[in-house]
Every structure is written in C-alpha cells, then in structure tokens.
Amino acid sequence: MLIIWKRICCAVLLSVALAGLAGCGSHEAPVMNADAIRQALLDKTWTLEKVARREMESDTPLTLKFGADGTVEGFGGCNAFQGQYALDGEKLTFGPMASTRKSCGAAADEQEYTFLTYLAKVEKLALEGDELSLFTDNQLELFLTSGESGLLW
C-alpha cells in the first residue's frame with residue numbers, strides 16, 4: 001500500500017511541476033517603455049520585408065528611418081519620402097508624407113503606393129530586436145527588419 005501512495009504522490013508532484021514549467025516558454029516580447037522603444041527605432045534603416053504576410057520582392061529595398069526629432073524618411077522603391085511620426089508607447093502614427101514624383105513603371109509604382117498607403121494607416125507597433133511590425137487599424141501588418149542582428153550571412 002505504501003508503494004501505491006508513493007507512486008500517486010510522485011505522479012501528482014510531476015504533474016504540478018510540468019504545469020508550472022508550461023508557462024516558462026512564453027515567446028511574448030517584454031513590454032518596453034516609450035523611451036526604450038524610441039531609442040530602439042533610431043539610428044537604424046528599417047527595410048520592408050512583408051506587407052500583410054506577402055513577401056516584398058524589389059530590386060531596391062523599401063526603407064524607413066526614424067529621426068529623434070519626430071521626423072521619418074524613407075525610400076519607396078522609386079521615390080524618396082519624408083514626413084512626421086508620433087510615438088506614444090506602442091502607439092505609432094505617421095503624418096502626411098512628402099515624396100518625389102518619379103514614375104518607375106506600373107509594378108514599382110504600385111508597390112510604393114501600397115507601402116505609403118499602409119504607413120498612413122499605422123496605429124501601433126511591436127518591436128523585438130531587429131524586427132519591427134507596424135499594424136494598421138484592421139491589424140494588417142508591415143514587417144520590417146533593421147539587419148542589425150549581428151549575423152554575417
């Protein structure tokens with residue numbers, strides 16, 4: 001009878017231990033304060049990788065750079081643009097963008113239009129290391145990387 005109770009106690013302890021460990025593997029990014037988010041955005045060139053889960057295929061990278069003074073600049077694949085941004089914690093909004101007006105063909109022009117249109121609708125961000133996700137009001141995502149992970153390949 002003693003052996004049965006030992007086995008039951010061991011099984012209960014093992015179950016409790018496994019249940020406790022189940023929460024340890026969370027992949028959620030730690031919550032960052034507004035100053036930490038701002039500092040993480042600055043001094044990097046963010047390159048657009050995906051729009052609404054669709055890979056961006058371009059001969060020239062579509063980019064975004066945040067200035068400490070609330071300005072933003074970038075390249076849409078054909079034209080340079082600049083404007084203002086406002087950051088309040090994880091809330092991010094962009095003002096109207098001024099852009100050069102060169103045409104680079106239907107595909108490049110459409111890609112640039114899509115990028116700038118999505119930027120105008122951004123409401124919040126998620127930042128983890130060198131990965132930046134910008135979310136619109138209906139949760140469509142712009143995914144950018146800074147390429148500063150330290151990897152050489």
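- E112 is not listed as a side-chain neighbour of L62, based on a closest heavy-atom distance of 4.5 Å or more.
- Hydrophobic clustering (ILVMFWY, side-chain heavy atoms < 4.5 Å, transitive): L48 and F135 are in distinct clusters.
- Taking the side chain as every heavy atom from C-beta outward, L132 and F66 approach each other to under 4.5 Å.
- With sequence neighbours excluded, the residues satisfying salt bridge (Lys or Arg N to Asp or Glu O under 4.0 Å) with K50 are E55.
- Checking N79 against T100 by side-chain atom types alone, a donor-acceptor pair falls below 3.5 Å.
- Taking both residues in full, the closest heavy atoms of K44 and G129 are given as NZ-O, 4.3 Å, listed atom of the first, atom of the second, then distance.
- Between the side chain of D109 and the main chain of C104, a donor-acceptor pair closer than 3.5 Å is present.
- The closest side-chain heavy-atom distance from F94 to L134 is below 4.5 Å.
- F143 and V51 are members of different hydrophobic clusters when ILVMFWY side chains are connected at heavy-atom separations under 4.5 Å.
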Would you be so kind as to tabulate the donor-acceptor pairs closer than 3.5 Å made by side chains of residues 68-77, with sequence neighbours excluded?
| from | atom 1 | to | atom 2 | distance (Å) |
| --- | --- | --- | --- | --- |
| D69 | OD1 | T71 | N | 3.2 |
| D69 | OD1 | T71 | OG1 | 2.6 |

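- Residue Y85 comes nearest to G67 through the heavy atom pair OH-O, 2.7 Å, listed as atom of the first residue, atom of the second, then distance.
- Across all their heavy atoms, C78 and S103 have their closest contact at SG-C, 3.8 Å.
- Side-chain heavy atoms closer than 4.5 Å link hydrophobic residues (I, L, V, M, F, W, Y) into clusters, and following such links, even through other members, never connects L116 to Y113.
- Residues L119 and L64 meet the side-chain proximity criterion, which asks for heavy atoms closer than 4.5 Å.
- Here the CD atom belonging to E110 is positioned 10.0 Å from the OG1 atom belonging to T117, to the nearest 0.5 angstrom.
- Separation of atoms CD (E123) and CG (D137) is listed at 4.5 Å; rounding is to 0.5 Å.
- F81 pairs by the ring-ring contact (aromatic ring centres under 6.0 Å, His included) definition with F115, not counting sequence neighbours.
- When side chains are defined from C-beta on, L125 counts as touching L41, because their heavy atoms get closer than 4.5 Å.
- For the pair Q139 and K124, the minimum side-chain heavy-atom distance is below 4.5 Å.
- Residues L127 and A40 approach most closely at CD2-CB, 3.3 Å, considering heavy atoms.
- Heavy atoms from other residues, nucleotides or ligands lying under 6.0 Å from CG of D59 number 12 at most.
- Side-chain contact check for T47 versus L144: every heavy-atom pair is 4.5 Å or farther apart.
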